[in-house]
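Throughout, residue positions are numbered sequentially from 1 according to the sequence presented. From a predicted model like this one, the values you see are computed outputs, not experimental measurements. Counting starts at 1 for both ligands and their atoms, in listed order.
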Amino acid sequence: MAAAAARSQFVVVGGGIAGVTCAQKLAVEFPAEDIFLMTASPVIKAITNFKQVSKTLEEFDIEEQPSSLLEKQYPNIKVIQSEVKRLKSEEHKIFTEDGKEYIYEKLCLCAGAKPKLIFEGNPYVLGIRDTDSAEAFQKNLAQAERIVVVGNGGIALELVYEIEGCEVIWAIKDKAIGNTFFDAGAAEFLIPKLTAEKQETAMACKRTKYTMEGREKKERPIAESDKLGSALGPDWHEGLHLKGTKEFSHKVHIEILCEVKKILLQQEFIQLQRTSLTFPKKEKNVEPDEGEDGGLKVDKHMHTSIPDIYAAGDICTASWEPSPVWHQMRLWTQARQMGWYAAKCMAADTLGESTDLDFSFELFAHVTKFFNYKVVVLGKYNAQGLGLDHELLLRCTKGQEYVKVVMQNGRMMGAVLIGETDLEETFENLILNQMDLSAYGEDLLNPNIDIEDYFD
Ligand SMILES: Cc1cc2nc3c(=O)[nH]c(=O)nc-3n(C[C@H](O)[C@H](O)[C@H](O)COP(=O)(O)OP(=O)(O)OC[C@H]3O[C@@H](n4cnc5c(N)ncnc54)[C@H](O)[C@@H]3O)c2cc1C
Ligand SMILES: NC(=O)C1=CN([C@@H]2O[C@H](COP(=O)(O)OP(=O)(O)OC[C@H]3O[C@@H](n4cnc5c(N)ncnc54)[C@H](OP(=O)(O)O)[C@@H]3O)[C@@H](O)[C@H]2O)C=CC1
């Protein structure tokens, strides 16, 4: 006879940032309940040293940890390490790879996304998503003289800068590099860094940090399935020796307006990287509504179209009417914010309370590092969705800083800040309060005016 299904009021699927944050928040809200955290990976991602840098910018470190540590810190979290294979939503049941079944009252899906690798199966094509794929890339690179990097997203941007001793042909569909994060002007500002010799010391920078326990020590448990590791994140390349066979630092050739259609097998190693997202296969009997990007649609309470099933992080597509200066991007900070907020909504629904959309969804804010510069992007930093009805203010000091502000009807809608500008908090406030700044004109970026004093 099959063993009776274990039950829990709350079940969370996924040991990445979204799932772990969701389980932690539920564990605190309901100390008398057991929270089941199901994950395919033997390690979980934990946030440490969390700091709210400003109203919406946040800074934290990430650690891959054994799940026993999470259970020790949160005694009512039970981590179940097994891949979820099937979901029967009408019966509120999930089935795991090891043949067990679990009954939930409320379920949050945080299973992340998986890379959509073009030309999958080609032995010369590698994608980067998790620790194992990054290490496989490192190994191949060590024997390479020339590689091709395809894509213009965050991973490609970081990769071309980090790779040394190997010729890189960088194929991008667009006219300028990095258009996911900034415009052609910022790209011009950054490009000299690709041709210069690399400095050894990294610039101090407030941003998320990523560590993997035991990476150097080779003690990391190996995931049963290499397809279901968590997505890497900030500083994923630190500690990886991304070096080819040659002695030079950078040699990058950028091929613009280039969409790769076909890859022919050659006797050379080609690296191809593209991680636009597809989502874990849904079972036949589970058909939650999907967004255009294939994610699970969630409403403003992180609820999917299926009763009692919520979703957070990379797996979901935010389908509420967003604030005019927020948009979804599959980033670590948003995975944390969504996981936390989904737990809050699950708790409120359980207790019959109402919840307002969390403040973190008021303004898009991201701090990162590209080419060793601190990069802060706020609001509609690329004038996304503003059409032609906007103007740009620019300030640039070669090699030092690049500041771009997007204005519409005298209001600040977005900004890109590269370098140590110290403007993020002031601009964050100006975007949030939508003050009419018409009177200031270009003085907004006048370096001789202390803008902080103006508006504080
Ligand atoms: C190379 C790389 C670099 C990145 N750099 C940055 C960066 O610098 N800054 C930034 O903000 N973001 C970055 N990102 C994006 C960031 O990593 C993701 O947005 C974030 O990790 C998503 O978190 P998540 O919890 O939603 O999903 P994930 O971290 O992918 O976690 C998903 C979890 O679900 C588990 N799982 C999957 N399927 C199942 C199943 N069927 N059953 C049970 N468990 C399952 C997995 O094992 C995993 O534990 C980067 C991504 C990549 C790939
Ligand atoms: N520092 C940071 O903040 C970082 C953040 N991340 C995040 O992690 C997630 C995954 O990163 P990533 O995979 O870089 O994200 P993206 O999906 O943004 O990048 C994929 C890139 O590949 C391009 N592409 C796809 N197919 C082809 C083709 N056939 N020929 C040429 N180009 C092609 C896409 O162009 P198109 O869009 O036109 O299809 C896009 O520029 C993202 O959410 C990203 O923001 C990642 C690394 C660093």
Problem set entry | Geometric N/O contact W332 with ligand 1, under 3.5 angstrom | yes

Exercise. Do any nitrogen or oxygen atoms of G313 come within less than 3.5 Å of a nitrogen or oxygen of ligand 1?
Worked result: no

Exercise. ring-ring contact (aromatic ring centres under 6.0 Å, His included) with F30: which residues, sequence neighbours excluded?
Worked result: F10

Exercise. Which of the listed options, V375, D314, N179, I155, holds the heavy atom that is closest to atom 11 (O) of ligand 2?
Worked result: I155

Exercise. When only distance counts, is V260 in polar contact with ligand 2, meaning an N/O pair under 3.5 Å?
Worked result: yes

For this session: Could you say whether the N/O atoms of A40 and ligand 1 ever approach to under 3.5 Å?
Result: yes

Exercise. Is it true that W332 lies under 4.0 Å from ligand 2, counting heavy atoms only?
Worked result: no

Exercise. Less than 3.5 Å between some nitrogen or oxygen of A156 and one of ligand 2, yes or no?
Worked result: no

Exercise. Is the shortest N/O to N/O distance between K369 and ligand 2 below 3.5 Å?
Worked result: no

Seminar exercise, completed: Under 4.0 Å between heavy atoms, the region of L331 that gets near ligand 2 turns out to be side chain

For this session: Run the numbers for me: atoms of ligand 2, each under 4.0 Å from some heavy atom of G153, listed by number.
Result: 14 (O), 18 (O), 19 (O), 21 (C), 41 (O)

Exercise. In ligand 2, which numbered atoms sit nearer than 4.0 Å to a non-hydrogen atom of C258?
Worked result: 31 (C)

Exercise. Taking distance alone, with no angle check, do T368 and ligand 2 share an N/O pair under 3.5 Å?
Worked result: yes

Exercise. Quick one: which ligand 1 atoms are inside 4.0 Å of a heavy atom on S41?
Worked result: 47 (O)

Exercise. Who's closest to atom 37 (C) of ligand 1 heavy-atom-wise, of G112, A335, A111?
Worked result: A111

Problem set entry | N or O pair under 3.5 Å between R330 and ligand 2 | yes

Problem set entry | Gap separating the CD atom of Q334 from the CZ atom of F364, nearest 0.5 angstrom | 6.0 Å

Exercise. What atoms of ligand 2 come closer than 4.0 angstrom to any heavy atom of H366?
Worked result: 2 (C), 3 (O)

